[in-house]
Trainee: 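The structure under discussion is supplied below as structure tokens; questions concerning it will follow.
Naming: A, B, ... by sequence-line order, numbering from 1 per chain. Predicted model only: the values in this text are computed from it and were never measured.
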Number of protein chains: 2
Amino acid sequence: MTLSEENYLKAIFNLEEQTHKGVPTNAIAEMMETKASSATDMVKRLSEKDLLKYKPYQGTRLTPKGKSHAVKVIRKHRLWETFLVENLDFTWDEVHEVAEQLEHIQSDKLIHQLDKFLGYPKTDPHGDPIPDEEGNIAKIEKKVLAELQQEDEGVCVGVDDSSSAFLKYLDKLDISLGNKIKVIEKEAFDNSMVIQVEENTISISSLASKNIYVRKTS
Amino acid sequence: MTLSEENYLKAIFNLEEQTHKGVPTNAIAEMMETKASSATDMVKRLSEKDLLKYKPYQGTRLTPKGKSHAVKVIRKHRLWETFLVENLDFTWDEVHEVAEQLEHIQSDKLIHQLDKFLGYPKTDPHGDPIPDEEGNIAKIEKKVLAELQQEDEGVCVGVDDSSSAFLKYLDKLDISLGNKIKVIEKEAFDNSMVIQVEENTISISSLASKNIYVRKTS
DNA sequence: CTTAATTTTTAGACAAAACTAAAAATTTGT
DNA sequence: ACAAATTTTTAGTTTTGTCTAAAAATTAAG
């Protein structure tokens, strides 16, 4: 399994997770930042290795074999991200590109021991679940921030509205993926909230809190 | 800098260290377990990138630029080996092939932080010095155990033959890095030795004692 | 339902890194 | 010194993964 093949597999896995439909060639090409012709070539190759099923013009779906391999790569990626943040003082926005490299290291013992070293973490620094050795991925019930009650805590795991305006607004409030969020106060009148994001205490509108996903941690 | 280029650079560096002469194409090919024609091709490419000087039939020598790059790879290799043994319970003989992969990860921050995490170790698990951030490699005055005289004492700092078979043999004798070793008796007849390793007194052959490095302490 | 727009595939090329087979240069033996 | 052995280089192919340009299939629009 080459590096490139693994990256395609991972991309296709993620796309299939989102739509639960056959993944169009164009979508793969876009995710891989390459051309559709290259994606076609790769899909053919992966198909010959029984890692996915593919019919021209009908999109592709991973076979169990392909899925299992993709999940292994994701497991490695998330364990490495955890190591980088927990032990090497990386911040959430720095880990990705290094983990993209580390996820391709081949050694079962390495990843088993790393998992042990980290204390068998359930989620990575972004709140995403870390698949176990058998490839099982825990479903994390992400909720919209608006649903949390006073005193509840969670980790920011994503946004619903991903418009530039909204993301810029979040940047300004210093809310980003992986941030710990605690509900200090909930205003019944207009559903606005006072929340604590890492160190800062801020107030956000109902509209905003409906567009932020969190994984509850307490 | 591709993975393959880095591996050639490292191989050439090691060969040049051994002989301090221009490295023949055949020697490179042998070390890389490839054919001479492939080595010629690569040497030409590295030469165009100013990483080495090369004149047909005269052997190659790394330029300062090439040497500096090779040393960085060696630094990464040895830091990772240290991490694997110290933190992930790898044994001497298991680290090499994983470190061969990890040494190619590109991230200055990663390696700086890893060094810090490990407490700025001076040597790797085989007793070889870890180059510092500027590329300086400490000279370690290590002797082969076979050179010690009766009553001499030393600390095990490495091995010459790092084959899995030899390392396993050492494990069985409970000889490992950092162990205190004292020469109890030297047999002139076959150059075998009776030595005391920490608590245990054992006998080892001439062949074995020639492959163990020690730092003399008395 | 036929034309237009879009998506996907094919065909042909290229670069990296390897190989085989053979030619050329160098070194060695007598 | 000159033939033989060795080392090194060329030349031509192969594989992986990419690209561009163009053809083919599918979908959408009037």
Trainee: So, for Phe13(B) and Tyr8(B), is the gap between ring centers shorter than 6.0 Å?
Mentor: no
Trainee: Classify every nucleotide of nucleotides 11-23 of chain D by which part a protein heavy atom approaches to under 4.0 Å, writing B for the base, S for the sugar-phosphate alone and - for neither, in 5'-to-3' order.
Mentor: -----SSBBB---
Trainee: Could you check how far NZ of Lys55(B) sits from C1' of dA25(C), rounded to whole Å?
Mentor: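 That distance rounds to 16 Å.
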Trainee: Distance check, rounded to the nearest 0.5 Å: Asp128(A) atom CG versus Thr123(A) atom OG1?
Mentor: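 Here the interatomic distance stands at 8.0 Å.
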Trainee: For a quick check of understanding: with a heavy-atom distance under 4.0 Å over all strands, which category does Thr25(B) fall into, base, sugar-phosphate or nothing?
Mentor: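 Touches sugar-phosphate only.
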Trainee: For Ser206(B) and Asp190(B), work out which heavy atoms get closest and say how close.
Mentor: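 Nearest pair, atom of Ser206(B) first, then Asp190(B): CB-O, 3.5 Å.
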Trainee: Round to the nearest Å and state the distance from Ile28(A) atom CD1 to dT7(C) atom C1'.
Mentor: 13 Å
Trainee: Should Tyr54(B) be listed as having a side-chain N or O under 4.0 Å from OP1 or OP2 of dT9(D)?
Mentor: yes
Trainee: Round to the nearest Å and state the distance from Asn26(B) atom CG to dT26(C) atom P.
Mentor: 16 Å
Trainee: I need the NZ-P distance between Lys21(A) and dT7(C), as an integer number of Å.
Mentor: 16 Å
Trainee: Just checking, is any N or O donor in the side chain of His77(A) or Asp124(A) under 3.5 Å from an acceptor N or O on the other one?
Mentor: no
Trainee: Taking CD from Gln58(A) and P from dT8(C), how many angstroms apart are they, rounded to a whole number?
Mentor: 11 Å
Trainee: With a 4.0 Å cut-off, would you call Arg215(A) and Glu141(A) a salt bridge?
Mentor: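 Salt bridge absent between Arg215(A) and Glu141(A).
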Trainee: Mind listing the closest non-hydrogen atom pair of Lys53(A) and Asp50(A) along with its distance?
Mentor: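 In this case the closest contact between Lys53(A) and Asp50(A) is NZ-OD1, 4.0 Å.
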